[in-house]
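Below, chain A is the first sequence line, B the second, and so on; all start at residue 1. Just so it is clear, the values below take in all heavy atoms, side chains as well, and ignore hydrogens, waters and symmetry mates. These figures come from a predicted structure and were not determined experimentally.
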Amino acid sequence: MAMNGKGEELDASKLKVLEYDGIVVGGGGSGLMSSLQLAQSGFKTAVVSKVFPTRSHTVSAQGGITCAIQSADPDDDWRWHMYDTVKGSDFIGDQDSIEYMCQEGPKAVFELEHMGLPFSRTEEGKIYQRAFGGQSKDYGKGGQAERTCAAADRTGHALLHTLYQANLKAGTNFLSEWFAVDLVKNGDNQVVGVIAFEIETGEPYFLKSKATVLATGGAGRIYQTTSNAMINTGDGTGMVLRAGFPVQDMEMWQFHPTGIYGHGTLVTEGCRGEGGYLVNKDGERFMERYAPNYKDLASRDVVARSMMLEILEGRGCGPDADHVYLKLDHLGPEIVHKRLPGITELSKTFAHVDPVEHPIPVVPTCHYAMGGIPTNVHGQVLTQATDGTDNVVHGLYAAGEAACVSVHGGNRLGGNSLLDLIVFGRSAGLHIENALKEGITLSKASNDDIDQALVNLNRVNISSTGEDVANVKSELQKNMQLNFGVFRTGDLMEKGLVELENIREKTQNIHLTDKSSRFNTARVEALELLNLIEVAQATAVCANERKESRGAHARDDFQERDDDNWLKHSIYFADSKEVTKRDVNFRPKTVQAFQPIVRSY
Amino acid sequence: MDAIVSKSISSINLSIYRYDPDSGKKPYMQDLSIDIPEGQDIMVLDLLNIAKEQDPSISFRRSCGEGVCGSDGMNINGKNGLGCITPLSEALKGNKIVLRPLPGLPVIKDLIVDMKQFVDQYKKIKPYLINDEEKPEKEIKQSVEEREKLDGLYECIMCGCCSTACPSFWWNPDKFLGPAALLQAHRFISDSRDTATEERLDQLEDAFSVFKCHGIMNCVSVCPKGLNPTKAINEIKKKLVKRAL
């Protein structure tokens, strides 16, 4: 029975049921890596994606995959990469996870190359690696490293298409253009699948599974200006919070330095890796003042803040002095066309500038959520007991940007997101594969359990009056942009929090005017808004609670890092809207932990 | 911003194809007057987003908004393109713009077409690397020159603009593979790491798969990524002919 204009309420008895060994929600890099692992092992696997998989946001990643594959430098060492990542995270990245990612990375990168990923090449026929921000040799002592494996400036596109192709080969079932609404939880607090509907027909389903992976990506659409695709609405995060599980470090949002001014679309850090640099209205290469050693390749939080300071102090470019310039014109057409062809297109389209001739106007843009659904290195979702201990949520996994295995801590390094996707997408797949082989037994969900997961969908479907979705969304985005941006302060955040409560009220009262069944994008957008508000509120509460400046979280009223009180993860539950703390992992298995030091570039 | 001030138009006449088979109504063109911010050269997708605020039932696909994901292929004033990277300054005729779904594929609703036929053709060419040799511990080596052969082929975003602009594909969407799938076929034939070139060519040897391309070159003129499927198709044809001699 498709959802229709009669405003009928759905219950468990009206749902079709499909059953799988493993369900992956999300068709981006981490999702397709998980599904590939499962499908190749012969398990009945479905990818549930609200868009055709190659439309997922991984496709937009430009610069590359940071990984010590020893191509550019035969002496490169994954431990140096680990050091950079810990330092980049401002020391709240979990060191067991970072160790796992940096050590396992090369295996995953070579696997992708064997699948056909068209990496750019060196003269020796090896994978091309370029310099990216925050990369060093010899634990910060040996100068700039070149560690980011690239397919021109289209690495994400090459990666995602390769993974989609490999999944076709492996026989993965694609439920393309299906929207996952909520998790189904049984009486034992285990996850046994999701409620989803096929967007084309409006037909609702209970997708039953022994293991559910949330690979739903980021949620940059809580901000007004973002590099994120329109589909990045934090759907997995919303589902987890509504199911009563927590999220972690949601205050940590990366603002990427080089968003195209007026549009937010990104130009890769690889531009600076290839020798580009930022200038203010006086033509000054200002990063030399803020980061004398790494200059334009300091880590992203540092560069974004420096740009904002230049603008705030009146040295911005343009008639409103509200942006700076990214200079590439000195590199010559050959480098620009060979290494940065995609950037040339984007810059011409959105800034009306040919980067070979003129600098590109740029301004920081919301780019990446370091926070997300807490997991261990196997992708198993964690919840926190009242005494503060971690408990695994059986049946539920998360990977990629939606997750917080915490390899990025307070600030992600460029090129580490694609590495995160492939390493932890794969590790979640591996864990599920082993668990399935050993046998997974989850108790059945009752009809009441299923009905519980239909509450949101029903509320939207039967709404007869109320708020306009587009208006509420725009209010939410403006509020986040204004009060929880690059620089934060207590007074503004308090104001923003009050406003968010009002916005939440409105989201609980939205009116879906178009109730048709067939490809109803208005229904999808209404449900996305219910996810955005969960993410926004988690971000806001955590940001206000973390009374220090660390990584991407910069407070005017608490300008110093406070290791005594905040060398911790923040944990947030939606029911209580309260923040608790969780210990950061300082116990890597094969190396000594890196202790917090003053972070300078 | 140094945005190009195209024309001082603030109101656009949008004519958009509307169809919902469930409604029982026949397809029709809906005319809307849309106010746009002055002095900015917004994209066709931005215009659609504004239109959707007026009428939330207008349906179209969109995702990245920057021409990489391939969601929003549509027919803009008679020419296929991506809504998100087609500026109004390019698309407008006077102050009018006509938006229709990609031609030749079944319409699901409004601008949303059923891509199944398109994806099925893509699947037929075995769009994945086939390499039966034992894998090295590290990467399979590929020279800079060998890698360069993939440029202009691997960048396809599967938006469907090319195949749905191709009369040969309109006629034989089940037997002629269409420019997009053939571009992919050539991408794998050209990859020095792929060991299945002969099998791939075998599969393309019939009268329809490749040879129904008559070099009309609509695919080249509409490709939003500036790719050249006709060239790739000709390369495949050459390889097939050479092999037959």
Look at A:Lys107, A:Glu177, A:Glu123 and state which one has the largest set of heavy-atom pairs under 4.5 Å with chain B.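 Greatest number of close heavy-atom pairs with chain B: A:Glu177.
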Hey, which of A:Ser60, A:Ser71, A:Gly125 has the most heavy atom pairs under 4.5 Å with chain B? A:Gly125
Please classify the contact between [X] and chain A as side chain, backbone, both or neither, with a heavy-atom cut-off of under 4.5 Å.
{"X": "B:Asp55", "result": "neither"}
{"X": "B:Glu145", "result": "neither"}
{"X": "B:Leu45", "result": "side chain"}
{"X": "B:Leu150", "result": "side chain"}

Heavy-atom neighbours of A:Glu334 CD exceed 12 at 6.0 Å: no
Quick one: does [X]'s side chain get under 4.5 Å of [Y]'s, heavy atoms only?
{"X": "B:Phe188", "Y": "A:Gln165", "value": "yes"}
{"X": "A:Phe119", "Y": "B:Gln142", "value": "no"}
{"X": "A:Thr162", "Y": "B:Tyr128", "value": "no"}
{"X": "A:Met115", "Y": "B:Leu129", "value": "no"}
{"X": "A:Arg154", "Y": "B:Val68", "value": "no"}

Residues of residues 56-65 of chain B under 4.5 Å from chain A (heavy atom pairs)?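 Counting heavy atoms that sit under 4.5 Å from chain A, the residues of residues 56-65 of chain B involved are B:Pro56, B:Ser57, B:Ile58, B:Ser59, B:Phe60, B:Arg61, B:Arg62, B:Ser63, B:Cys64, B:Gly65.
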In residues 117-127 of chain B, which residues are in contact with chain A at a heavy-atom separation under 4.5 Å?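 If one takes a 4.5 Å heavy-atom cut-off, the residues of residues 117-127 of chain B near chain A are B:Val119, B:Tyr122, B:Lys123, B:Pro127.
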Hey, which of [options] has the most heavy atom pairs under 4.5 Å with chain A?
{"options": "B:Arg147, B:Glu139, B:Lys141", "answer": "B:Glu139"}
{"options": "B:Gln184, B:Glu53, B:Met158", "answer": "B:Met158"}
{"options": "B:Ile112, B:Asn131, B:Ile130", "answer": "B:Ile112"}
{"options": "B:Lys135, B:Lys225, B:Glu137", "answer": "B:Lys135"}
{"options": "B:Ser143, B:Pro87, B:Pro21, B:Gly67", "answer": "B:Pro21"}

Heavy-atom distances under 4.5 Å only: say whether [X] touches chain B with side chain, backbone, both or neither.
{"X": "A:Leu346", "value": "side chain"}
{"X": "A:Lys338", "value": "side chain"}
{"X": "A:Thr265", "value": "both"}
{"X": "A:Leu117", "value": "backbone"}
{"X": "A:Leu160", "value": "neither"}
{"X": "A:Ser176", "value": "neither"}
{"X": "A:Ala522", "value": "both"}
{"X": "A:Tyr164", "value": "side chain"}
{"X": "A:Glu111", "value": "neither"}

Could you walk me through whether A:Glu200 and B:Lys109 pass the salt bridge (charged side-chain N to carboxylate O under 4.0 Å, His left out) test, one step at a time? CA-CA 9 Å; A:Glu200 182 178 336; B:Lys109 187 183 182 185; over 6 Å; no
Taking all heavy atoms of [X] and all of [Y], pick out the closest pair and write down the distance.
{"X": "A:Ala151", "Y": "B:Tyr154", "answer": "O-OH, 4.2 Å"}
{"X": "A:Gly116", "Y": "B:Arg187", "answer": "O-NH2, 2.9 Å"}
{"X": "A:His114", "Y": "B:Lys138", "answer": "NE2-O, 2.7 Å"}
{"X": "A:His352", "Y": "B:Asp41", "answer": "CE1-OD2, 4.2 Å"}

Does B:Cys156 offer a backbone N or O that forms a donor-acceptor pair with the side chain of A:His157 under 3.5 Å?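 Judged by distance alone, yes, a pair lies under 3.5 Å.
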Nearest 0.5 Å, what's the CE-OG distance between A:Met230 and B:Ser71?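 Atom-to-atom, A:Met230:CE and B:Ser71:OG are 8.5 Å apart.
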Which value, rounded to the nearest 0.5 Å, describes the distance between B:Leu111 atom CG and A:Phe519 atom CZ?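 Nearest 0.5 Å value for the CG-CZ distance: 11.0 Å.
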Could you tell me whether B:Glu148 and A:Arg121 make a salt bridge, using a distance below 4.0 angstrom between a side-chain N and a carboxylate O?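 Salt bridge absent between B:Glu148 and A:Arg121.
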Checking heavy-atom separations under 4.5 Å from chain B, one finds in residues 50-57 of chain A A:Phe52, A:Thr54, A:Arg55
Sole candidate of B:Asp110, B:Asp114, B:Asp22 that passes salt bridge (charged side-chain N to carboxylate O under 4.0 Å, His left out) when paired with A:Arg518: B:Asp22
Going by the rule salt bridge (charged side-chain N to carboxylate O under 4.0 Å, His left out), which residues pair with A:Asp153 if we only count those two or more places apart in sequence or in a different chain?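 In terms of salt bridge (charged side-chain N to carboxylate O under 4.0 Å, His left out), with neighbours along the sequence ignored, A:Asp153 is linked to no residue.
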Does one side chain, of B:Lys52 or A:Thr521, offer a donor that lies under 3.5 Å from an acceptor on the other? yes
